[in-house]
There are 2 protein chains.
Amino acid sequence: MTFSQLIVNLWHSPLLATTNEAENAPIVLAGVLLSLVVIYLASKIGGELSKMADLPPVLGELIGGVVVGASALHLVVFPDGGAGASDSMIMTILEFINDLSPEAVTSIFQSQSEIISVLAELGVIILLFEIGLESDLKELTKVGYQAIIVACVGVAVPFMAGTAGLILLFHAPVIPSIFAGAALTATSIGITSKVLSELGQLKSREGQIIVGAAVIDDILGIIVLAVVASLAKTGEVDIFNVIYLIVSATVFLIGSILLGKYFNQSFVALANKLQTRGNLIIPAFIFAFFMAFLGNAIHLEAILGAFAAGLVLDETDKRKELDEQVKPVADILVPVFFVTVGAKVDLGVLNPLVPENRPGLVIATFLIVVAIIGKIVTGWSVFGQPGINRLAVGVGMIPRGEVGLVFAGIGAASGTLDKPLQAAIIIMVILTTFLAPPCLRFAFKQSPGEKESLEKANLIG
Amino acid sequence: MTFSQLIVNLWHSPLLATTNEAENAPIVLAGVLLSLVVIYLASKIGGELSKMADLPPVLGELIGGVVVGASALHLVVFPDGGAGASDSMIMTILEFINDLSPEAVTSIFQSQSEIISVLAELGVIILLFEIGLESDLKELTKVGYQAIIVACVGVAVPFMAGTAGLILLFHAPVIPSIFAGAALTATSIGITSKVLSELGQLKSREGQIIVGAAVIDDILGIIVLAVVASLAKTGEVDIFNVIYLIVSATVFLIGSILLGKYFNQSFVALANKLQTRGNLIIPAFIFAFFMAFLGNAIHLEAILGAFAAGLVLDETDKRKELDEQVKPVADILVPVFFVTVGAKVDLGVLNPLVPENRPGLVIATFLIVVAIIGKIVTGWSVFGQPGINRLAVGVGMIPRGEVGLVFAGIGAASGTLDKPLQAAIIIMVILTTFLAPPCLRFAFKQSPGEKESLEKANLIG
């Protein structure tokens, strides 16, 4: 309502003081609109340049985020990154237009950042829903055992190598070492699956193993975090909570897929019966958002619920139509996620000219080597899949993304991690995230499978 | 991040107290997801039932909102409606799941409500963008004079009749009477254009006159509010501000359409050049959101900017493709707006058994009669359009929607309106909003144009 905005200017009566929130609402909306314009520009310019350089577009979106974010232009910044309203260029623009009080500026910055963050969360929820829709449940269950092994190896190897190395090589205390080792475990399913989709490899055997393993990895990551967090706090492991998480995750994923087989039919019947606009997409989103809520409510991840919902609806004969309709929604929400991930990164920690960064950079080099090798070896744990591109499977597990940042943030807030170790984890996350897309592309170029199909295509064409 | 949610449960360390906002983030997300599920259910069930009863679906969405909102189920309630966190059923569910402190509950409720409100605003912005895309600029300029006259008559008649009636019949003081008269002026473009679109009448001559007049009405509404607000505050009218609003609105609308003629070509050329996903919809949304921001920044309405953006892009040969892609986005965001409008209404003020409601109900009856007749007469101000459905034009201008509620809210906050007059305005808004969709449908059934085309269809069929 620009009406109330008008009133702010016309009317500074103390009687209106109680409606402070409502007064700020149009300015919050202006901030959100401007942030979205910046985010879309960054994602499109970054994505297109990346594509021209023959790299995956999502890498460009991440870098676009870095450019507009905390590292450079300061257009899209967030309070949880330590930024205040005065660090935000968008807030400066809004202040210039609206003549705001300092309290109003702080409150508008908070609200706007929170809204963009939730839009980013909705973006990754819709991305995982879409990945679920594009995944093939039968294919996925066929490679289920491989995915479980890849996930477990990919958690165990970096964790043990990282922890042992920090203790033995860097003489770090045990609990911080365990925490840092744990930060090496989780794979960012968002980045990996987006790159796979862009490469057209989502439905390949390798792609399905990676997606399956990344989903399991996400669950393992939650469990590892629960373990190390209780270890750091009390020196003991809360066995009850660990068992709860393992059981609830298993029941949730398997249960939803089994139930889905029955739900499928009623979903299609319902969509066919509805007469008003959105007859297909609204029921689908009700299901996806409800499953995401459920995943969140039982203390797993919202994205797991959305992925399960996508898998279930993939089995219906409305799949194609639904896919078509989800695409534009994903197109406008998913970039908010990737640009936000990039924007929250502060490349300042990479500067070796700042003396405080140096200890972190040395540890970071070690962590990055462990992070990359620890995941690449998982490709060789795949069995019974002759001719599979083992390098691609391993490389696909490399990006740590936002999950690693959560470890770093919690470790720092709890006082477990000192500054250099925290910085090292952040650097490891940045580099694995940015390296993974081009590496994955390179790995798939080595694929015997792709060569074959290219040759076939040439024969036909 | 459900990671941090987990940590909330595992770890109540005072060291974490500074990351309060971040801790609550996953619960805010859960609240938003659950709210969206409820909103979608309400909109679909309401819309389908309405369709079955041969009424416009948007009426059902509004009523669905009333059912889940402040009047009945209390699932979707807002702090600006006077509700606290304890009035929200969704907050009760979240409290049950998460074991929250009272401060956390208040802060989560605030955040969640703010996010749903902004999603609703984005919904009406996208609705107006879509209406702009579906409108025909040539058609609209052809009926431009008629639209201006309809808008001016539709502002002048209810304003004068309402103010005079309140002073003469109800012996109300002058300034509150002027304020209440002003609340009768603005047409809700969202509701009217949605109903027109549902009836397939958006591109008819009547439809284009109504949409054009509703847009001008929105601008006139802003100006009237500026006038009465400064009158109520200082007893004088701020002429400078009124002139500023008239000039800026005219320059903005005409300027964007003229500029758009050149922008058009580059837009299509750009969309054709882009290689990554969202090559059409992202540039379109950058344009629409930027125009919405601009409309908001110069103290007009964001929806005016979005409408102008839609009108401009309507002239490109990408129109159809863009329309296809905007549809699913509109399908998931527009219902948030309509359900929210319904949810914010408190039908309690309509209960004649509550003695305090009675004076308001009497005045309301008068205001409703003026509100309806004052707009219906505008149909007879249309000239030079032989055979036009004058009743439909007048009826199309009836719904007051959210704009009237802003008047009531500001009047109450400033102390200008007493309780009965404020309640009367709210009742007037509710009834005109809910009556308009079925009346508009009825009015178009009387249309000679529609009868003709029905007969033709029968001949062909």
Side-chain angles (χ1 to χ4, degrees), chain A residues 1-7 10-11 13 15-16 19 22 26 29-30 32-34 36-37 40-41 44 47-48 51 57 80 97 111 114-115 118 121 225-226 229-230 233 274-278 281-282 285-286 289-290 292-293 296-297 299-302 325 328-329 331-332 406 410 413-415, chain B residues 1-7 10-11 13 15-16 19 22 26 29-30 32-34 36-37 40-41 44 47-48 51 57 80 97 111 114-115 118 121 225-226 229-230 233 274-278 281-282 285-286 289-290 292-293 296-297 299-302 325 328-329 331-332 406 410 413-415:
Chain A
M1 280 295 104
T2 318
F3 278 85
S4 25
Q5 182 180 351
L6 187 72
I7 287 309
L10 287 171
W11 207 350
S13 141
L15 279 158
L16 280 170
T19 55
L29 178 65
V32 170
L33 288 171
L34 203 52
L36 288 176
V37 168
Y40 290 154
L41 280 174
K44 261 292 135 272
E48 289 291 328
K51 177 99 185 174
D80 43 332
I97 298 173
S111 300
E114 207 162 19
I115 291 163
V118 169
E121 297 268 8
L225 188 62
S230 69
K233 189 192 167 195
L274 297 182
Q275 301 286 318
T276 54
R277 255 186 72 166
I281 195 167
I282 290 280
F285 271 68
I286 291 176
F289 284 170
F290 181 71
F293 166 73
N296 179 307
H299 297 183
L300 294 170
E301 293 258 17
Q325 294 188 15
V329 179
D331 284 343
I332 68 152
V406 171
I410 288 169
S414 70
Chain B
M1 280 299 103
T2 316
F3 279 85
S4 25
Q5 182 179 351
L6 186 72
I7 287 310
L10 286 172
W11 205 351
S13 141
L15 280 160
L16 279 170
T19 56
L29 177 65
V32 170
L33 288 171
L34 202 53
L36 287 176
V37 168
Y40 290 152
L41 280 174
K44 261 290 137 273
E48 288 291 327
K51 177 99 184 176
D80 44 331
I97 297 173
S111 299
E114 208 163 17
I115 291 163
V118 169
E121 298 268 8
L225 187 63
S230 69
K233 188 192 168 196
L274 297 183
Q275 302 286 319
T276 53
R277 256 186 72 167
I281 196 166
I282 291 281
F285 271 68
I286 291 176
F289 284 171
F290 181 71
F293 166 74
N296 178 306
H299 296 183
L300 295 169
E301 293 259 16
Q325 294 187 15
V329 180
D331 284 343
I332 68 151
V406 172
I410 289 169
S414 70

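Computed over heavy atoms, backbone and side chain alike; hydrogens, waters and symmetry mates excluded. Letters A, B, ... are given to chains in the order of the sequence lines, protein chains preceding strands, and every chain is numbered from 1.
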Heavy-atom pairs under 4.5 Å with chain A, option from B/Glu48, B/Gln325, B/Lys51 with the top count: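 Highest number of heavy-atom pairs under 4.5 Å: B/Glu48.
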Donor-acceptor pair, side chain of B/Tyr40 and main chain of B/Ile332, under 3.5 angstrom: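 Yes, the answer is positive, given that a donor and an acceptor are paired below the 3.5 Å cut-off.
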Expected output: side-chain B/Asp331 to main-chain A/Arg277 donor-acceptor under 3.5 Å: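 Judged by distance alone, no pair lies under 3.5 Å.
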Partner chain B: residue of A/Leu41, A/Ile115, A/Val37, A/Ile286 with the largest heavy-atom pair count (under 4.5 Å):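 Top count of heavy-atom pairs under 4.5 Å with chain B: A/Ile286.
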A/Leu36, part contacting chain B, at a heavy-atom distance under 4.5 Å: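 For A/Leu36, the side chain is the part near chain B, not the backbone.
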Minimum heavy-atom distance B/Ile282-A/Lys44, with the two atoms named: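 Taking every non-hydrogen atom into account, CG2-CG, 3.3 Å.
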B/Val329 versus chain A, the contacting section by heavy-atom distance below 4.5 Å: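 Backbone plus side chain of B/Val329, per the 4.5 Å heavy-atom cut-off to chain A.
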Parallel, tilted or perpendicular, as decided by the 30° and 60° cut-offs, for the rings of A/Phe290 and A/Phe293: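 Correct class here is tilted.
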